[in-house]
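Everything on this sheet refers to the single structure shown next.
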Amino acid sequence: MKQRSSWQRTHTCGELNLAHKDQEVVLNGWIENHRHHGQLVFLDLRDRYGITQIVVDQEAKGTAAGTFDVVKRLGAEDVISVRGSVRARDADKVNKNRATGEIELVALQVTVLSEAETPPFEILDKVEANEELRMQYRYLDLRRRPLQEALLKRARFVTAIRNYMQEHRFIDIETPILTKSTPEGARDYLVPSRVHPGKFFALPQSPQIFKQLCMVAGLDRYYQIARCFRDEDLRADRQPEFTQIDIEMSFVEEHDVLDMVEGMVVQGMREGFGIELPQPFPRFDYFEAMDKYGCDKPDLRFGMTLVDCSALAAKSDFKVFKGAVETGGIVKGICAEGAAEKYSRKGIDELTTFVTGLGAKGLAWAKVTATGLEGSIAKFYEGDKGKELCAHMGAKAGDLLLFVADSKKVVHKALGDLRLKVGGTMGLRDPKVFRCCWVLNFPMFEWNDEKGRWQFAHNPFSAPVNWDVKDFSVDTENIRSRAYDFVMNGWELGSGSIRIHRTELQARVFEFLGISKEQQRANFGFLLDAYKYGGPPHGGIALGVDRIVTLALGREGIRDVIAFPKTSMAFDLMAEAPGAASPEQMAELQIASTAKRPG
RNA sequence: GGGGGCGUAGCUCAAUUGGUUAGAGUACCGGACUGUCGAUCCGGUGGUUGCCGGUUCGAUCCCGGUCGCCCUCGCCA
């Protein structure tokens with residue numbers, strides 16, 4: 001027989017119903033609300049599982065002496081234990097908004113476990129206090145149901161992922177948190193070493209190199225729910241520390257990784273959030289995604305794809321169209337189905353302002369009517385020409401056509417963003433609908449204007465699509481890597497690649513980017529050495545847990561799904577971290593601060 | 001690092017062109033009330049208008065600086 005103190009609960013605040021009628025039970029919890037009626041008091045008692053109404057009746061039989069005096073003094077957030085009898089409510093007194101609404105607990109005895117001061121904000125499901133205050137008192141904010149629900153579902157999701165990985169022979173391997181700084185990529189968080197004066201550990205931006213070493217070690221399939229750290233400026237979807245599902249597999253090609261991860265995501269979304277994802281996830285070549293959606297993370301909840309109209313534009317009388325093509329640019333359009341009515345002249349002006357803000361010189365448009373086109377380009381597309389354009393765009397009466405003529409880069413940026421904006425306005429981006437896809441074969445390098453040199457587009461270890469590429473300096477911008485992104489609803493949620501597993505090729509990539517032998521040795525020496533002793537072909541991916549959960553739950557930002565987040569200035573308002581180090585600590589670490597405003 | 005928004009009672013907000021004693025809802029405290037469930041009714045406490053400085057007879061309001069929070073561009077291989 002388990003021991004239970006008299007104050008300890010027999011049930012939770014979410015589970016009592018008519019089946020427990022007339023039973024004597026004990027509940028523990030926080031007082032969410034209290035309603036005093038003189039000789040009759042109602043308490044809403046809350047715990048993680050729900051809310052149960054407690055009734056304290058001065059005149060009820062069997063109530064312990066003094067109970068009513070205790071209850072009269074109770075207030076919000078006091079922690080109490082209630083021994084009572086479960087009573088069915090009369091039909092007209094049932095609260096249909098609560099799982100426990102058919103019953104109430106008639107108090108026989110009330111014990112105060114902990115008194116609460118008036119909280120700085122009311123603990124209600126609906127957010128009333130501002131986020132700054134809520135972050136300062138995060139432990140109070142976390143009492144709110146929406147936050148608890150996010151943490152619960154996040155945990156269920158991660159558990160589903162772990163189960164899936166376990167089922168597929170992956171080994172959960174912990175990699176170092178105290179590791180080494182690398183020059184490329186994000187700014188590192190540094191940790192001074194006491195026993196190595198003047199030297200610093202870096203917190204990992206990701207376990208990238210270690211997971212590849214796991215492959216060299218022959219561990220074959222690695223995964224980790226890994227904390228990562230990046231000291232860059234923050235956004236609604238970025239925290240200085242965040243969590244990745246990190247995966248690496250040996251002896252694989254792209255489709256092996258993609259198939260495996262696809263199954264994992266489907267299982268995680270189903271078991272974590274009850275979301276069924278349509279399969280298979282479409283797989284786009286990078287340039288195909290850019291051509292059709294104007295971006296490398298397409299939102300597939302709706303169509304409205306970009307249609308190339310350059311050929312039609314070239315023979316047009318419209319100078320803007322014709323001129324763009326003649327000077328090496330392109331003309332593309334989108335067809336917003338049924339949007340003609342939704343956009344007034346003023347609405348279209350706003351769209352024009354929107355695209356000019358993205359670098360476009362203007363926005364050409366036309367509304368399709370039963371008789372032809374209306375709008376800025378109508379006079380160039382009368383009669384058959386108009387019909388030809390509509391046929392090309394797949395447009396029918398009531399649709400709105402929007403065109404941008406410019407360089408390919410500008411057209412894709414402007415129309416890609418415009419597509420999302422118009423799609424949003426037309427209600428095509430339903431937050432309860434989820435569509436995933438893969439984007440493959442990203443460019444291997446990108447030009448860094450500031451530094452005046454090429455740099456990795458993805459990471460230094462991504463293999464080129466063509467293993468035999470002789471010279472990276474030839475046609476550099478068209479060299480593709482075996483890198484892929486996982487995308488859901490227009491969010492990049494994961495990124496990975498098939499890796500380079502041979503020293504020679506890795507060395508040539510570094511060499512091309514002007515990373516000297518010395519730098520290579522200093523930064524990645526142990527990885528390059530490892531490959532000398534037999535590195536298997538391998539590849540992997542990392543998925544952002546915080547972002548997936550945020551998207552699945554339809555929350556505003558990732559702070560909503562992290563128990564103890566930091567502000568956009570990377571400050572923990574509750575713990576007041578970071579904080580000052582004492583002179584003694586600094587001296588022991590042999591470091592000094594040059595900050596103008598210490599502590 | 002740049003741009004934008006915000007900062008007034010514990011909380012959410014208001015306050016006319018710069019003008020009397022800075023208001024309301026809610027919370028809290030006190031009172032009434034035996035069927036409420038965002039209880040209701042009556043009364044009350046509660047303010048360095050983020051901070052510093054300037055303009056002015058007079059500043060919540062205008063100006064400069066500063067601190068904090070949020071969004072965003074750069075940044076985040």
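Every value quoted in this text rests on a predicted model; they were computed, and no experiment measured them. Within every chain, numbering begins at 1; the chains are lettered A, B, ... in the order of the sequence lines, protein sequences first and strands thereafter.
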Rounded distance (Å) that lies between atom [atom2] of [N] and atom [atom1] of [X]:
X	N	atom1	atom2	answer
A:F571	B:G68	CZ	P	9 Å
A:H34	B:G30	NE2	C1'	14 Å
A:E576	B:G68	CD	P	12 Å
A:D141	B:C11	CG	P	14 Å
A:F42	B:U34	CZ	P	11 Å
A:I103	B:C37	CD1	C1'	13 Å
A:E132	B:G68	CD	P	10 Å
A:L124	B:U12	CG	C1'	12 Å

For nucleotides [N] and [M], find the distance between their [atom1] atoms and express it as a whole number of Å.
N	M	atom1	value
B:A14	B:U8	C1'	9 Å
B:C62	B:U36	P	49 Å
B:G44	B:G50	C1'	28 Å
B:U21	B:C11	C1'	25 Å
B:G46	B:A22	P	13 Å
B:G18	B:A24	P	24 Å
B:C61	B:U56	C1'	13 Å
B:U60	B:U17	C1'	15 Å

Does the pair [X]/[Y] count as a salt bridge with the N-to-O cut at 4.0 Å?
X	Y	result
A:D246	A:K211	yes
A:R138	A:D572	no
A:K93	A:E104	no
A:E102	A:K96	no
A:R144	A:E122	no
A:R35	A:D44	yes
A:R227	A:E241	yes
A:D485	A:K297	no

Just name whichever nucleotide pairs with [N], Watson-Crick or G-U, keeping both distances under 3.5 Å, else none.
N	value
B:U17	none
B:A22	none
B:C33	none
B:G46	none

TODO: Using a cut-off of strictly less than 4.0 Å between a heavy atom of the residue and any atom of RNA chain B, enumerate the qualifying residues of residues 49-66 of chain A by number.
DONE: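 Result for residues 49-66 of chain A: A:Q53, A:D57, A:E59, sorted by number.
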
Task: Nucleic acid contacts of residues 82-92 of chain A, taken as heavy-atom distances under 4.0 Å to RNA chain B - done: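 Going residue by residue through residues 82-92 of chain A, the ones with a heavy atom under 4.0 Å of RNA chain B turn out to be A:R87, A:R89.
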
Given [N], is OP1 or OP2 found less than 4.0 Å from the side-chain N or O atoms of [X]?
X	N	value
A:R134	B:C69	no
A:S568	B:C70	yes
A:R559	B:C70	yes
A:N130	B:C70	no

Please confirm whether any donor atom in the side chain of [X] sits under 3.5 Å from an acceptor in the base of [N], or the reverse.
X	N	answer
A:E104	B:G35	yes
A:R35	B:G38	no
A:R238	B:C75	yes

Task: Residue closer to the 5' end of RNA chain B, A:A129 versus A:A236 (nearest nucleotide) - done: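 The residue mapped nearer the 5' terminus is A:A129.
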
Open item on the list: Pick the closest RNA chain B nucleotide for A:R235 and for A:K566 by heavy atoms, then say which residue is nearer the 5' end.
Closed with: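 Per heavy-atom nearest nucleotide, the more 5' residue is A:K566.
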
TODO: Identify the heavy atoms of A:Y286 and A:N441 that sit nearest to each other, and give their distance.
DONE: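 Of all heavy-atom pairs spanning A:Y286 and A:N441, the closest is CB-O, 3.4 Å.
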
Open item on the list: Over all strands shown, is A:R187 touching base, sugar-phosphate only, or nothing at heavy-atom distances under 4.0 angstrom?
Closed with: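 If one applies the 4.0 Å heavy-atom cut-off, A:R187 turns out to touch nothing in the nucleic acid.
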
Close N/O contacts between protein and nucleotides 3-10 of chain B (under 3.5 Å):
residue : atom : partner : partner atom : Å
B:G10   : O2'  : A:P120  : O            : 2.8

- [ ] Taking only the side-chain heavy atoms of A:M569 (C-beta and beyond), determine which of B:G74, B:C76, B:C69 contains the nearest atom.
- [x]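 Among the listed nucleotides, the one closest to the side chain of A:M569 is B:C69.
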
TODO: State which of B:C69, B:G1, B:C37 makes the closest approach to the side chain of A:D44.
DONE: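 The closest nucleotide is B:C37.
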
- [ ] For residues 62-72 of chain A, pull every pair meeting side-chain hydrogen bond (donor to acceptor under 3.5 Å, both in side chains), keeping only residues two or more places apart or in separate chains.
- [x]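 For residues 62-72 of chain A, and leaving out neighbouring residues, there are no side-chain hydrogen bond (donor to acceptor under 3.5 Å, both in side chains) pairs at all.
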
Task: Sequence neighbours excluded, every pair satisfying ring-ring contact (aromatic ring centres under 6.0 Å, His included) that has a member inside residues 61-86 of chain A - done: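 Applying ring-ring contact (aromatic ring centres under 6.0 Å, His included) to every pair that reaches into residues 61-86 of chain A, excluding sequence neighbours, yields nothing.
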
- [ ] Evaluate the side-chain proximity of A:E492 to A:V439: yes if any heavy-atom separation is below 4.5 Å, no if none is.
- [x]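 Not touching, per the 4.5 Å side-chain cut-off.
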
Open item on the list: Would A:K421 and A:F354 count as a cation-pi pair here, with the cationic atom under 6.0 angstrom from the ring centre and within 45° of the axis?
Closed with: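 Judged by the rule, A:K421 and A:F354 form a cation-pi pair.
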
Open item on the list: Quick check against the 3.5 Å criterion: does A:R508 have a side-chain atom that pairs as donor or acceptor with the backbone of A:V469?
Closed with: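 Flag set: sc A:R508 to bb A:V469 pair under 3.5 Å.
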
TODO: State which residues pass side-chain contact (heavy atoms from CB on, under 4.5 Å) with A:A463; sequence neighbours excluded, sorted by chain then number.
DONE: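 Testing A:A463 for side-chain contact (heavy atoms from CB on, under 4.5 Å), a comparison that skips the adjacent residues, returns A:W467, A:R482, A:I500.
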
